[in-house]
Amino acid sequence: MLGEVLGALILAFVTGGLARFALPGPDPMPLWLTVAIGLVGGLAGTAIVIAIGGRKAESWAGMASFFVAVGLVVAYRRFVQKRPVWGRDAYRFPERGFGVEQYRERLKKAGIDPDRIGTQQAFGALQPRSPMQPSPTDGHVHAGDAPTDNPAHYLGLLEELHDTGVLDDDEYTAARTRLLENLRS
């Protein structure tokens, strides 16, 4: 009996964790909430599969459980954290939710500003530096840090940020134009 309960809790943790991982951006939440999302997703997903297909369709219960858990994470983000699920703002660190304040405090103690997580300033590709300007990561000058040293790499990064929704069309065009103007000068 104890083994079955532990197995169900571990499976719920994995399901809840995968549901959190399926959405872009940070989802700080306590362990108990991840397990609760996995448990509810597992129970609801299994119930939906059995209601639709009967006992013969139970092999689909794992997939349905995952999708229900993803739906619960989406609902948590929209209604508890009050932040978008997709787009640029999805990558920002939340300001509300269960345990978010504790996570924000830990980040501040580690020297990380949680309000800068997911902003444009966090991406080096958007802030061209001259080769003599120190890198923001370690304070040392590195060869190849300037976008003009490897423009194809930085254009690729800009395109990736645009494709993932971090940059909208106008921001992407402006950053790309700035980079190309720096190359011409």
Output, in order, the C-alpha distance, side-chain angles, deciding distance and verdict of salt bridge (charged side-chain N to carboxylate O under 4.0 Å, His left out) for Arg178 and Glu181. CA-CA 5 Å; Arg178 277 194 312 270; Glu181 286 174 359; over 6 Å; no
Should Phe21 and Asp27 count as side-chain neighbours, where that means a heavy-atom distance under 4.5 Å? no
Transitive ILVMFWY side-chain link Leu11 to Leu33, under 4.5 Å: no
Could you tell me whether Phe98 atom CZ has more than 12 heavy atoms of other residues or ligands within 6.0 Å of it? no
Verify same cluster id: Val80, Val70 (apolar side-chain graph, 4.5 Å): yes
About how many Å separate CH2 of Trp32 and CZ of Phe13, when rounded to the nearest 0.5 Å? 14.5 Å
Is there a side-chain contact between Glu95 and Val100 in this structure, where contact means two heavy atoms from C-beta onward sitting under 4.5 Å apart? no
For a quick test of reading the model, state the closest non-hydrogen atom pair linking Ala22 to Phe66 and the distance between them. CB-CZ, 3.9 Å
Gap between atom CD1 of Ile37 and atom OG1 of Thr15 - 0.5 Å precision: 11.0 Å
Distance in Å, Thr46 OG1 paired with Glu58 CD, rounded so as to fall on 0.5 Å steps: 7.5 Å
Do you know the tightest heavy-atom contact between Gln81 and Pro94? NE2-CG, 3.6 Å
Arg83 side chain reached by Asp89 side chain, heavy atoms, under 4.5 Å: no
ILVMFWY cluster, Leu18 and Phe67 together (side-chain gap under 4.5 Å): yes
Looking only at heavy atoms, the pair that brings Ala90 and Pro26 closest together is O-CD, 3.8 Å
Nearest heavy-atom neighbours spanning Val49 and Ala64: CG2-CB, 3.4 Å
Kindly compute the distance separating NZ (Lys108) from CZ (Arg104), expressed to the nearest 0.5 Å. 6.0 Å
Is the shortest heavy-atom distance from the side chain of Phe93 to the side chain of Asp115 under 4.5 Å? no
With a 4.5 Å cut-off on side-chain heavy-atom distances among I, L, V, M, F, W and Y, is there a chain of contacts connecting Ile50 to Ile48? no
Just verifying a value: how many Å separate Arg92 CZ and Ile117 CD1, rounded to the nearest 0.5 Å? 11.5 Å
The reported gap from OG1 in Thr34 to CE in Met29 (rounded to nearest 0.5 angstrom) is 5.5 Å
Sorted by chain and number, sequence neighbours left out, side chain to side chain donor-acceptor pair (under 3.5 Å) with Asp169 holds for His162
With hydrophobic residues grouped by side-chain heavy-atom distances under 4.5 Å, do Val14 and Tyr76 end up in a single group? yes
Would you say OH of Tyr172 has more than 12 non-hydrogen atoms from neighbouring residues, nucleotides or ligands within 6.0 angstrom? yes
Side-chain heavy-atom pair Val40, Val68 within 4.5 angstrom cut-off: no
